[in-house]
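Please read the structure below before turning to the comments.
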Amino acid sequence: MSRKPGSSTEEVRSWLDAAHRGLCDHADVLDNLNVFPVADADTGANLSVTLGHAAQAAHLIEGRDVGELLLYAGQAALEEARGNSGMLAALTLTAMGHAVEGSVRLTAEQLRDAFTAARVRCSSALTDPVPGTMLSVLQAAGEVPLPDTSAEGSNQQLVEWLDLMLASCAQAVVDTVEQIPVLTERGTVDSGALGMLVILAALRAELGGDEGFEDPVTAIVRQHALPLTSEPQDQLEGWEVMGTMDLPALDAAELRHELDDAGDSVIVSAVSEQEDGYTWRVHVHVTDPETALELMRRRGKARNVTVTSLAVEPR
């Protein structure tokens with residue numbers, strides 16, 4: 001029996017559960033594709049862990065407000081986010097939540113606008129956003145026009161738009177092969193972009209129903225996941241430092257500037273508002289982790305701190 005399309009909080013919870021399962025199923029493939037911005041082979045693991053927190057949190061909040069659910073799940077994921085990809089996936093959920101807050105069901109137009117909001121939020125969180133990544137997939141989703149073959153705001157329009165969106169995003173993933181030099185050399189797609197497509201394929205499956213659904217992820221993995229060369233990637237040196245801090249906005253901005261000078265892949269993004277400022281999730285790659293930790297200590301107390309080597313662990 002095929003499932004009927006829908007977009008209530010129940011379907012959104014099912015989406016996050018399915019996205020988590022899909023990322024777990026594809027974790028090894030995503031890890032092996034992970035060569036940009038650094039070849040640390042952990043995109044699959046980072047996305048799986050981050051979406052797992054989002055899915056778990058979604059079952060802890062009651063009510064019919066889809067935006068509130070997405071915002072709560074995204075904030076929970078951001079608090080525990082792992083890596084660049086995990087941070088951007090969590091920011092996507094929070095941005096979508098803000099965009100549709102107050103709604104008890106999602107329409108095609110709302111989803112299109114929510115993905116545009118997510119791209120803007122993720123781009124603003126990055127010091128140097130580049131095409132050929134998750135951002136390109138979010139941009140593709142936000143640019144898909146609304147089909148005029150069915151009633152505006154109807155479930156039928158939602159399904160038609162989801163099909164168009166998924167096809168456009170799948171092409172955006174394939175296009176990443178030619179957008180980033182290291183991917184062109186290998187002949188593979190961007191790991192984070194493919195991870196986002198896994199999340200969006202789950203969205204189509206859960207909100208659009210079973211009928212007519214074809215998952216594009218399988219074909220992309222088959223055609224664009226094996227490198228053209230078996231040359232090993234250069235071993236990286238350095239560390240990924242992450243933590244959560246409560247700071248005024250000005251302090252967070254200054255910390256971001258200091259981390260930009262000390263390392264790269266910097267993300268300093270607000271999780272939630274507090275009485276004296278905001279809770280921020282901080283991410284940076286540095287040669288010496290103590291450099292980043294000391295900069296954080298000067299601004300306040302960090303919690304949920306992780307320090308992870310960027311060197312690929314032997315398999």
Side-chain angles (χ1 to χ4, degrees), residues 16 20 23 37-38 40 42-43 45-58 60 70-98 117-129 133-135 138 192 195-196 199 239-260 262-286 289 291-308 310:
L16 295 176
H20 179 227
L23 290 168
V38 289
D40 50 351
D42 60 1
T43 293
N46 289 339
L47 281 174
S48 299
V49 169
T50 303
L51 261 292
H53 287 291
Q56 184 178 38
L60 301 178
L70 282 170
L71 184 57
Y72 184 81
Q75 288 175 338
L78 194 54
E79 282 269 15
E80 302 290 341
R82 295 291 182 265
N84 297 58
S85 57
M87 289 279 286
L88 295 179
L91 287 174
T92 294
L93 295 179
T94 59
M96 292 178 69
H98 279 298
R119 179 188 59 79
V120 172
R121 176 76 189 277
C122 289
S123 295
S124 66
L126 296 168
T127 300
D128 185 25
T133 61
M134 276 187 175
L135 300 181
L138 292 173
M196 180 57 71
I199 295 171
W239 302 82
E240 176 185 71
V241 178
M242 300 189 69
T244 302
M245 303 184 71
D246 296 329
L247 298 171
L250 180 59
D251 281 4
E254 291 175 347
L255 175 61
R256 177 173 177 166
H257 178 74
E258 292 166 351
L259 292 174
D260 276 331
D264 52 31
S265 295
V266 176
I267 305 177
V268 178
S269 187
V271 178
S272 58
E273 189 171 2
Q274 304 294 334
E275 183 176 350
D276 297 325
Y278 296 83
T279 295
W280 305 83
R281 189 66 173 158
V282 179
H283 172 280
V284 64
H285 292 167
V286 287
T291 301
L293 293 172
E294 177 59 26
L295 290 173
M296 293 163 68
R297 281 194 290 266
R298 292 177 187 175
R299 295 290 171 183
K301 184 176 181 181
R303 60 184 183 275
N304 196 15
V305 175
T306 60
V307 178
T308 308
L310 294 176

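Keep in mind the model is a prediction, meaning the values are calculated, not measured. Heavy-atom basis, side chains included; hydrogens, waters and symmetry copies ignored.
By the 4.5 Å heavy-atom criterion applied to side chains, Val49 and Glu80 are not counted as neighbours. No side-chain heavy atom of Asp246 sits under 4.5 Å from any side-chain heavy atom of Asp276. Between Asp251 and Met245 the shortest side-chain heavy-atom distance does not fall below 4.5 Å.
In this structure, CZ in Arg119 is found 15.5 Å from CE in Met134, a value given to the nearest 0.5 Å. Atoms OG and OH, on Ser272 and Tyr278 in that order, are 10.0 Å from each other to the nearest 0.5 Å. Between the CG atom in Leu88 and the CG atom in Leu93 there is a gap of 11.5 Å [rounded to 0.5 Å]. The CG atom of Asn46 sits 7.5 Å away from atom CG of Asp40, with the distance rounded to the nearest 0.5 Å. How far CG of Leu126 is from CD1 of Ile267: 5.0 Å, rounded to the nearest 0.5 Å. Rounding to the nearest 0.5 angstrom, the gap separating the CG atom in Leu247 from the CG atom in Leu255 is 6.5 Å.
Nearest approach of Leu70 to Gly97, heavy atoms of both residues: CB-CA, 3.7 Å. A pairwise comparison of heavy atoms in Asn84 and Pro37 identifies ND2-CG, 4.1 Å as the closest pair. The shortest heavy-atom contact between Cys122 and Thr92 is SG-OG1, 3.6 Å. When all heavy atoms of Ala77 and Ala54 are compared, the closest pair comes out as CB-CB, 3.8 Å. Of all the heavy atoms in Leu23 and Leu47, the pair that sits closest is CD1-O, 3.7 Å. Residues Trp280 and Ala252 come closest through the heavy atom pair CE2-CB, 3.3 Å.
Salt bridge Arg82/Glu240: absent, no basic N to carboxylate O contact under 4.0 Å. Taking the charged nitrogens against the carboxylate oxygens, Arg299 and Glu258 do have a contact shorter than 4.0 Å, which makes a salt bridge.
With sequence neighbours excluded, the residues forming a ring pair (Phe, Tyr, Trp, His ring centres under 6.0 Å) with His285 are His283, listed by chain and number. For Thr306, the side chain to side chain donor-acceptor pair (under 3.5 Å) criterion is met by no residue, not counting sequence neighbours.
A donor-acceptor contact shorter than 3.5 Å links the side chain of Arg281 to the backbone of Ala81.
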With side-chain contact (heavy atoms from CB on, under 4.5 Å) as the test, would you mind laying out the steps for Glu79 and Arg303 before giving the verdict?
-> CA-CA 10 Å; Glu79 282 269 15; Arg303 60 184 183 275; 3.9 Å; yes

Where do Gln75 and Thr279 land on the side-chain contact (heavy atoms from CB on, under 4.5 Å) test, with the steps shown first?
-> CA-CA 10 Å; Gln75 288 175 338; Thr279 295; over 6 Å; no

Could you walk me through whether Met87 and Leu78 pass the side-chain contact (heavy atoms from CB on, under 4.5 Å) check?
-> CA-CA 6 Å; Met87 289 279 286; Leu78 194 54; 4.0 Å; yes

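Among Thr127, Val268, Asp264, Val241, the single residue meeting the side-chain contact (heavy atoms from CB on, under 4.5 Å) criterion with Leu259 is Val268.
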